[in-house]
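The chains referred to below are lettered A, B, ... by the order of the sequence lines, with proteins before strands, and numbering in each begins at 1.
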There are 2 protein chains.
Amino acid sequence: MSSTVVKALMLLEHFSEDEPELGLSELARRSGVDKAAVHRMLGAMAETGLVEQQADSRLYRLGAGVLRLARVRETAFPISSVVQPILDTLSAETGETAHASLISGRALANIATCESKKGSRVSLIAGEVLPYHSTASGLAVLAFGDDALLQRVLSSALEAKTRFTVTDASDLRSRVDSTQGIGFSESDQTNEEDVHGIAAPIFDRTGSACGAVSVSTPSHRMTEAQRNLTIGAVLRAGSAITDGLGGRLPRSYADLVAPLVTGA
Amino acid sequence: MSSTVVKALMLLEHFSEDEPELGLSELARRSGVDKAAVHRMLGAMAETGLVEQQADSRLYRLGAGVLRLARVRETAFPISSVVQPILDTLSAETGETAHASLISGRALANIATCESKKGSRVSLIAGEVLPYHSTASGLAVLAFGDDALLQRVLSSALEAKTRFTVTDASDLRSRVDSTQGIGFSESDQTNEEDVHGIAAPIFDRTGSACGAVSVSTPSHRMTEAQRNLTIGAVLRAGSAITDGLGGRLPRSYADLVAPLVTGA
DNA sequence: CACCAGTGTTGATAATATAGCACCGATAGG
DNA sequence: CCTATCGGTGCTATATTATCAACACTGGTG
């Protein structure tokens, strides 16, 4: 069913800013894989430097190899350096936390963020993996990305992250449809309590969505005025990032959002 | 003998700044693995976002997943941000290209660089994988790192990168010994033609070398004065990085290099 | 136009690496 | 001292993987 390589690499998703170091048993428990198997996989990934094991505590963490890989990717395709300043502007305009993510296999990878300056703000876990079905960013990608991706997500299990998460495929389908109709996506507490998200797609050269840019606002602070402000800003940011990456807005999409962008 | 995971991850080492995108057949040829196997491995790595395939050209490249992983690692253990300013200073002091690398499984991973401002300079391929036996950085790590690592390298095949590369284990052994005696390592055209390297070890909390910092100078420009200048600067940089990462210089090492550091 | 040398991709089968289990020694806490 | 963890290790059935061939497709060439 699933290859060993996939199983091994999925282990990496359990490392986060909060828990950068994990033990063998802990990792086995969370992934639901046998300890012995986890041990072998980690050993294999350690050989290539993707993870490394602390000599004393025996804990595992992401290795120096990931830094090297990121350097290669970033020098060849400078994404972060293009995205970061646009996110900074977006966060300043809206006063809230902004982040950008790209399609990364079965999920969305958060690759850059700019946190709000306010005391009460939405704080993202750096490098978190975002599900397609429960985030505004995910909706935006599903609505304007490859149709095969949408089909795959619709036919997969939709995990309930909160009591508001859309777990029914046809419900998700209709939300995707409405996103396609308005040019941006919106989610309220579907991935995390008290977090409201508004996202716009980022397009690649072929005019297909390859990622999304989003603003996360504490739900209680989301007013009508703030919402309108945010929509315009996010759409402008999405367009700017698309341009910066050498992507192309589909004609139909550009026409769709034109009034919203200029109106802001 | 070797696990599938290792074989798959070794494919990633063929991506570089120069060739960020590779085709399936090309990758199969270089790795010496069957085309079909490479295809499945890349497919598996694409599922987790470690690589991605261009929709039109069908070429593969490193995916957004590596950016996410690097973010997690860097926010938890901020290495690059500590190392970069020290490298900048080192490059300014010596007028040449400086770089730092960390142990990454079977090889050294170049994780940060600062290029010389001169027209004629040593230009590094970003994210290159550096062999232990043919680089000054590698020598420094072997000399002051874990003994098990040294043994493993000594008993492995030593590929000749240039006609000056040390390919004999006992020769390498004696070079390691002399490095241990003087506190820094030196290499002349052993990894690349016309490149001279001087490197100092970086130590972790346990007092074992976990990486190295190095200055690369065009061989023809390496004079006695430049050499003395560089040695002092590299040793200071190594010590500074070790401090910045929370590492600890072994007492014997600190005593060994003390006269060289203060003399500069 | 037919051909050729490439490419990426997909089956089939034989071979092999893997998963899962129980087990070990070590460590820490009650 | 006993229990409950921990990280790590052999073992064998089994499931995954390697290998080969053929496939459809592309672009250049005689």
Asker: Between dC21(C), dG8(C), dT17(D), which nucleotide gets closest to the side-chain atoms of Arg40(B)?
Answerer: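 Of the options given, the side chain of Arg40(B) lies nearest dT17(D).
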Asker: Does Gln53(A) or Val5(A) map to a spot on DNA chain D nearer the 5' end, using the closest nucleotide for each?
Answerer: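 It is Gln53(A) whose nearest nucleotide is closer to the 5' end.
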Asker: When you measure from the side-chain N and O atoms of Tyr60(A) to the phosphate of dG8(D), is any distance below 4.0 Å, counting only OP1 and OP2?
Answerer: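 Yes, such a contact exists.
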Asker: Has Gln54(A) got a side-chain N or O lying under 4.0 Å from the OP1 or OP2 atom of dG7(D)?
Answerer: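 No, Gln54(A) has no side-chain N/O under 4.0 Å of OP1/OP2 on dG7(D).
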Asker: Between dC20(D), dC21(C), dG8(C), which nucleotide gets closest to the side-chain atoms of Ala36(B)?
Answerer: dC20(D)
Asker: Any side-chain heavy atom of Val6(B) sitting closer than 4.5 Å to one from Ser3(B)?
Answerer: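 Side chain of Val6(B) against side chain of Ser3(B), heavy atoms only: contact under 4.5 Å found.
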Asker: Go through dC6(D), dT7(C), dT17(D) for me and flag the one nearest to the Arg29(A) side chain.
Answerer: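 Of the options given, the side chain of Arg29(A) lies nearest dC6(D).
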Asker: Measure CG/Asp34(B) against C1'/dT10(C) and give the value in whole Å, please.
Answerer: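 About 12 Å, once rounded to whole Å.
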Asker: Categorize Glu26(B) for me: base, sugar-phosphate, or nothing, with a 4.0 angstrom heavy-atom threshold over every strand shown.
Answerer: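 Nothing, no heavy atom under 4.0 Å.
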Asker: Answer whether the closest heavy-atom distance between the side chains of Arg248(B) and Phe203(B) falls below 4.5 Å.
Answerer: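 No, side chains not in contact.
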Asker: Does Thr4(B) have a side-chain nitrogen or oxygen under 4.0 Å from the phosphate oxygens OP1 or OP2 of dT18(C)?
Answerer: yes
Asker: Take the protein atom CD of Glu52(B) and the nucleotide atom C1' of dG8(C), then report the distance between them rounded to whole Å.
Answerer: 18 Å
Asker: Send over the distance from Met41(A) CE to dG7(D) P, rounded to a whole Å.
Answerer: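 Spelled out: CE on Met41(A) to P on dG7(D) is 16 Å.
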Asker: Check every atom of dT9(C), dA19(C), dA18(D) against the side chain of Lys7(A) and return the nucleotide holding the closest atom.
Answerer: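 Closest of the options to the side chain of Lys7(A): dA19(C).
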Asker: So, Tyr60(B) versus Phe15(B), ring centres under 6.0 angstrom or not?
Answerer: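 Ring-ring flag for Tyr60(B)/Phe15(B): false, centres at least 6.0 Å apart.
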Asker: Verify the contact: side-chain N or O of Ser25(B) to OP1 or OP2 of dG8(C), cut-off strictly under 4.0 Å; return yes or no.
Answerer: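 It does, given that an N or O in the side chain of Ser25(B) lies less than 4.0 Å from OP1 or OP2 of dG8(C).
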Asker: Leu27(B) has an atom CG; how far is it from atom C1' of dT9(C), in whole Å?
Answerer: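 Distance check: Leu27(B) CG to dT9(C) C1' gives 15 Å.
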Asker: Any side-chain donor-acceptor pair under 3.5 Å between Asp168(B) and Ser170(B)?
Answerer: yes
Asker: Any side-chain N or O of His39(A) below 4.0 angstrom from OP1/OP2 of dG7(D)?
Answerer: no
Asker: Is the backbone of Val72(B) close enough, under 3.5 Å, to the side chain of Thr75(B) for a donor and an acceptor to pair up by distance?
Answerer: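 Yes; judged by distance alone, with no hydrogens or angles, the pair exists.
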Asker: Of the nucleotides dG8(C), dG8(D), dT17(D), which one has an atom closest to the side chain of Arg58(B)?
Answerer: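 Out of dG8(C), dG8(D), dT17(D), the nucleotide with an atom closest to Arg58(B)'s side chain is dG8(C).
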Asker: Rounded to the nearest angstrom, tell me the gap between atom CG in Leu24(B) and atom C1' in dC25(D).
Answerer: 14 Å
Asker: Can a donor-acceptor pair under 3.5 Å be found between the side-chain atoms of Lys35(A) and the base atoms of dG20(C)?
Answerer: no
